[in-house]
Amino acid sequence: MSEVPGDAVERAQVLRQTLEQHNHAYYVLDAPIVSDAEYDQLIGELEAIESQYPALRTPDSPTQRVGGTAIAAFEPVRHAVPMLSLGNAFEDEQVLAFDQRVAQTLRGAGQLNGPEVAYFCELKLDGLAISLRYERGVLVQAATRGDGQTGEDVTHNVRTIGSIPRRLAAHAPQTLEVRGEVFMGQADFEALNQAQAQRGEKVFVNPRNAAAGSLRQLDPKVTATRPLRFFAYGWGQCSEPLAPTHDQVLDWLSCLGLPVNQAEHALVQGAQGLLAYYREVQARRSSLGYDIDGVVYKVNDLAAQKTLGFVAKAPRFALAHKFAAELAQTKLLGIDLQVGRTGAITPVARLAPVFVGGVTVTNATLHNEDEIARKDVRIGDTVVVRRAGDVIPEVVEPVLALRGSETKAFQMVSQCPVCASAIERPPGEAVARCTGGLFCAAQRKQSLIHAASRNALDIEGLGDKLIEQLVDKARVQSLADIYGLTAQELAGYERMGSKSAQNLANAIAAKREPPLERFIYALGIRHVGQSTARDLARSFKTIEQLMAANQEQLLAVPDVGPVVASSILRFFEQSHNREVIEGLLAAGVKPQAPELGRGQSDFAGLTFVLTGTLPNWTREQAAQAIMAAGGKVSGSVSKKTSYVVAGEDAGSKLARAQSLGVAVIDEAGLQRLLGAPE
DNA sequence: GGGCCTCGAGATCA
DNA sequence: CTCGAGGCCC
């Protein structure tokens, strides 16, 4: 390092600063200060200095934008604060309902000053969500959304995106996670496709997929040639206190050098303000120059956002108002029947390929036989197909005017198309089910596919084609058998060479100690989804205790009612289900009890009661913190109470908690649960 | 559900 | 070299 002359160090620093300014002017402000040639000359000079003195080549240097070396794989990244999804609305009524719910909650909490709620409005860009992590102002990591908790490291590619600063302004906080959307403009997309076609390479079907594909390149040099853009719309972890409102925080992000789509933002009052914004954006949608699939509304006041809290995976303070789905007409070629994990028989429409909503649709669900009858859809009909952004394509109705004489009405079968068991449809229910249970190969396969899936045990490399083979060859009957598979025997299956087999064997071994909630969810108990599985894991701590639970204990779990409870009891009553679990435990699978402390701040499904005087917090502050983490605060202790937080001079509530056997913690205990500050 | 990228199996060719 | 499978994005 000492060999680098001081003037080179200085010159490199000046060049870097100048280049970052030009980048900002060009990409963020869309107002270049210098010509491309001048820019190239500057970057060339910096490049020369850096190659002469490699010690000066820092990862945040503008020269590194063109792309470093290819990586071997996308590493998982755990988000410090989860990346949530948003609730959706398609109709005005849903927006009115959202506003009413918000207003009511805030009025109840005394946080509504004035007659209407103040909302922040923005465009919902059609790209992919990204989280950028800055430490001491330097971009250190970029990750995709993933399942919201854990995404993939795409730092190498994100560094090549011009509008994403590699270094923030000097007053940047110690740590800052910025959330935003990576996307591609329509003109850039067209130009890219033209260039791709000229080179004889594949053209992309729409800007979103082009952007997504560009970010999933192993070699950042490819990404560097793709015209990707970025707008910040939110944040995760931040080491400094934030301004009190959403718009102010975004202004601050903008001052730090991040691109924020301020020209399209609006602050409005109440539901009518939201709808007016929606209409105004809708009218200008085609002239924006980039794809959007709707608009997003957020309660502007951050304290109010905290009060509103979260449901499952989405904040209650925000709503995505999506544009109406696109429609198209095509021919219904046939109706296939699919047998699901629970035996549900779903009719699926096979369609003549048709381009709608940015993709080519060939399949669409028809839900159930009543829906087919209600819509009077017949095989051979010309039908209207609907598809909106991320919504699964749907057959809306037949075009009766175009109905020929060759149409055929759909007839539900009476036997399972896979195992020939009787099909039952309980009165009052819409779905017909195969009664074969795990005797039915389709149900066995589907339950295994479910168990291996990303939200359940997340066994990479165990896809549906392989499961199909394993079940057909009778090698695998139940989940427990999966853990007995060796690399050696796996290598004997179709499309499984020694490499794939070893990878899968490793993936299976790596999931031998799954979190209990994933284990429970993987079992595929009817009515037990991810969030119920989590509640059950928290309440019972071990699979043995869950299996031994009676109706009363199950009903004491938050959000578990009679239907869910009896479904769980019925599941564990069946000996083959118990055998599967025993087999799993015998195979060395050890579900891990949930850890509530240690930095985890997800209280969904937990109810707290505060009593007595806490040493450092007012009751109000403690309640705020609990609700911000997704928990509920209640006034009285019952069996459903998860924790009683007791301070000094706690009275009858503490006594009642003790008599009911409810866990009692003090303020320090609560802070541990909330995840003590890092 | 559809589109994208990557990995690796398996075919093909030299 | 091609292409199917799997994983990930919306």
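Below, read A as the first sequence line, B as the second, and so on, with proteins coming before strands; counting in each chain starts at 1. Worth knowing before you read on, the calculation uses all heavy atoms, side chains too, and leaves out hydrogens, waters and symmetry mates.
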Exercise for review: Determine whether any donor atom in the side chain of A:R208 lies under 3.5 Å from an acceptor atom in the base of C:dC9, or the reverse, and answer yes or no.
Suggested key: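 Indeed there is one.
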At under 4.0 Å between heavy atoms, what does [X] touch on the DNA or RNA strands: base, sugar-phosphate, or nothing?
X      : answer
A:L215 : nothing
A:T362 : sugar-phosphate
A:I459 : sugar-phosphate
A:A452 : nothing
A:S498 : sugar-phosphate
A:A364 : nothing
A:G358 : nothing
A:T144 : sugar-phosphate
A:N206 : nothing

Point to revise | Out of C:dC9, B:dA9, B:dT6, whichever nucleotide has its closest atom nearest the side chain of A:K499 | key: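 Closest nucleotide among those given: B:dA9.
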Exercise for review: With the side chain of A:D464 defined as its heavy atoms from C-beta on, choose the nearest nucleotide among C:dG6, C:dC8, B:dG2.
Suggested key: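 Looking only at heavy atoms from C-beta outward on A:D464, the closest nucleotide is C:dG6.
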Exercise for review: Check A:N261, A:V158, A:L132 against A:F230 for a side chain to side chain contact (heavy atoms under 4.5 Å, CB included) and give me the one that passes.
Suggested key: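 Going through the options one by one, the only one that passes is A:L132.
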Check your understanding: Between atom CZ in A:F183 and atom C1' in B:dC4, what is the gap in whole Å?
Key ->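 Going from A:F183 (CZ) to B:dC4 (C1'), I get 20 Å.
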Check your understanding: Would you find more than 12 non-hydrogen atoms of other residues, nucleotides or ligands less than 6.0 Å from A:E201 atom CD?
Key ->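 Result for CD/A:E201: enclosed.
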**Study point:** First encountered from the 5' end of DNA chain B, between A:R226 and A:V361
**Key:**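 Its nucleotide being nearer the 5' end, the pick is A:V361.
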Point to revise | Whichever of A:T365 and A:A501 has its nearest DNA chain B nucleotide further upstream toward 5' | key: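 Residue closer to the 5' terminus by nearest nucleotide: A:T365.
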**Study point:** A:F183 and A:F231 aromatic ring geometry - parallel, tilted or perpendicular at 30°/60° bounds
**Key:**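 Ring orientation, 0 to 90° scale: parallel.
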Practice item. Indicate whether the side chain of A:D291 and that of A:Q186 have a donor and an acceptor atom separated by less than 3.5 Å. Key: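 The answer is yes; a qualifying pair exists.
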